[in-house]
Amino acid sequence: MRTSWADSEEAEAAAAPSTIINNGVVPNSGAAAAVAGNSRPARSAYVPPHLRNRPPSSTPPPPAVSAPPAANTRWGGGGGRSGGSFGRAASNTRTGGWDRGREREVNPFGDDVDVEPPFVQQENSGINFDAYEDIPVDTSGDNVPPAVNAFSEIDLGDALNLNIRRCKYVKPTPVQRHAIPISIAGRDLMACAQTGSGKTAAFCFPIISGIMKGQYAQRPRGSRTAYPLALILSPTRELSCQIHDEARKFSYQTGVRVVVAYGGAPINQQLRDLERGVDILVATPGRLVDLLERARVSLQMVQYLALDEADRMLDMGFEPQIRRIVEQMDMPPRGVRQTMLFSATFPKEIQRLASDFLSNYIFLAVGRVGSSTDLIVQRVEFVQESDKRSHLMDLLHAQRENGTHGKQALTLVFVETKKGADALEHWLCINGFPATSIHGDRSQQEREHALRLFKSGATPILVATDVAARGLDIPHVAHVVNFDLPNDIDDYVHRIGRTGRAGKTGLATAFFNENNSSLARALAELMQESNQEVPAWLSRYAARSSYGGGGRNRRSGGGRFGGRDFRKDSSFNRSGGGGDYYGGGRSNSGYGASGSSYGGGYGAGVTSAWD
DNA sequence: AAAAAAG
């Protein structure tokens, strides 16, 4: 039954030293944090107002000070306290825990659990690391921990290391090489890295490892309130599901429990999952607020906060909700918890908002603006609104003829509106193209069904709104069509990033017409930076729009890199900063210097972002 | 102006 790796896990656990700070909570990595000059104070037993004077039926919050070390097992396993380190919480602690061995952890890897995974990369799941060689990286902040070249340089723990091998991750991607040591050192992080470059693992590994190593005050058993140690927020339900699935793989047989909560799905199963115990809660904001209001979740024990697609989470629609969760509930304040923000794009005014959540953080930028741009061939075609459908049909026909090995390549078609998505899906279907759609007016069941049909290739065309623009990892998307271009270049970056993932190549085609002229300049610049062929007519549009002040100046940082730390930008450190960002007043003030190839002071800094 | 996220 037990395989060799499990045995070595035991040995590791037995050999591991036990360090327990008797305040109930051990800082994530006190030593490293101290080295970094950022040691975190022990949390006091603060009880937030809304949790005081609760009816006696509910169990009081976990005793932060009085919990004897011997009771510090995360699962409350009587007498089963782990020696203080890796792996021990896996199978043996579980039997003493509150699930008493009733449940077996579902193997997220399929049947080959007990087989030592092959080290040969399989064609479909391996990451093409050659595509990540020689990528520009920039970090800023105090005492930045050095990058690593191999997972083995970091002590992530045997159980997690095995899962990493099972995932066939042979070596860390660039963002992982930098972000993981930073996070392991206990530092807050704002990370900007290309789409498809492995951000999920970059924040999951340190969280899982930290929870495995940490000794936390026992959380009450039998309470209807769940006390996650880590919270991961994302902007869409499907993305939360995906992160949950990934995190489950990474935490398989580590004893670390991952639960997902999102809207549109029955809440009862989610409540049951929470009651069984949760270390890492992955959630969308709305459902989390619901759970917090019902007092079914408390953020009191949260040691790690991760925001995926962080710029999206802090834009106008989301910001109040996120602020409420992070600042107005019972989550430990910044500097006490560890906070990690990730995205492929990070506009400076959003960085300024985000800095409220961070303490002495490190800014990390990996790779060029947004996408794995060299891997994605970007085309822009001038297509009038009335011609879009027939033009799309031409593309799909051509693709069908190129059809690789019987199965049609997956094509993701982005449109601007939910109605437009329905209409286009219907039109494609009646014209003999197997299409489905995903957007916010469809039921969650329909959304998930559509995604499955698409992923499986059963319906190789998916029409989508921006709900599918960010984060979704759909292997084998060969072509992204921007049937309607977005108004924001960052959205474009995220959309085309649905292809060209994990080092594979992809194609992105955009339909451009007069309605998109406000995007022309940013689009032309992005394409130029990505070594793409910019049509002459697009350059003319770009030059034209740079005069009339058309369009927002919303570059995510410009230059050849994924972003620039706004703290380096003096205009953002004066008088509240970003007011000038939209170019309302002085046209140059949001950026470091001028130098745009399109002149006019518009887009200043695009070519000089790294001076 | 639109999309997303609670029901």
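Order of the sequence lines fixes the chain letters, A, B, ..., with proteins taken first and strands second; residue numbering starts at 1 for each chain.
Under 4.0 angstrom from either OP1 or OP2 of B:dA2 there lies no side-chain N or O belonging to A:T465. One finds a side-chain N or O of A:R237 lying less than 4.0 angstrom from the OP1 or OP2 phosphate oxygen of B:dA6. Checking the phosphate oxygens (OP1, OP2) of B:dA4, a side-chain nitrogen or oxygen of A:K418 falls inside 4.0 Å.
Between the CZ atom of A:R324 and the C1' atom of B:dA6 there is a distance of 11 Å, rounded to whole Å. Here the P atom of nucleotide B:dA4 and the CZ atom of A:R287 are 17 Å apart, to the nearest Å. Distance, A:R447 CZ to B:dA4 C1': 8 Å, rounded to whole Å. Between A:Q444 atom CD and B:dA5 atom C1' the separation is 11 Å, expressed in whole Å. Following rounding to the nearest Å, A:L292 (CG) and B:dG7 (C1') show an atom-to-atom distance of 16 Å. Rounded to whole Å, the distance from CD on A:E319 to P on B:dA3 is 22 Å. Note: CD1 (A:I267) to P (B:dA5) measures 15 Å, nearest angstrom. Across the protein-nucleic acid pair, A:D466 atom CG and B:dA3 atom P stand 9 Å apart, rounded to whole Å.
With salt bridges taken as basic N to acidic carboxylate O contacts below 4.0 Å, one links A:D315 and A:R312.
Comparing atom distances between the A:T284 side chain and each of B:dA5, B:dA4, B:dA2 picks out B:dA5 as nearest. When distances are taken from the side chain of A:T236 to each of B:dA1, B:dA6, B:dA5, the shortest belongs to B:dA5. Considering only side-chain atoms of A:N487, the nucleotide from B:dA4, B:dA2, B:dA1 that sits closest is B:dA1.
A cation-pi arrangement is present between A:R544 and A:Y541, with the terminal nitrogen or guanidinium carbon under 6.0 Å from the aromatic centre and inside a 45° cone about the axis. Figure legend: cation-pi geometry between A:K388 and A:F483, with NZ or CZ positioned under 6.0 Å from the six-membered ring centre and within 45° of its axis.
Under the salt bridge (Lys or Arg N to Asp or Glu O under 4.0 Å) criterion, the residue pairs touching residues 294-307 of chain A are A:E275-A:R296, A:D290-A:R294, with sequence neighbours excluded.
Contacts of A:G317 with the nucleic acid, taken as non-hydrogen atoms under 4.0 Å apart, include base atoms.
Residues meeting the side-chain contact (heavy atoms from CB on, under 4.5 Å) test with A:D273, sequence neighbours left out: A:V259, A:Q269, A:R276.
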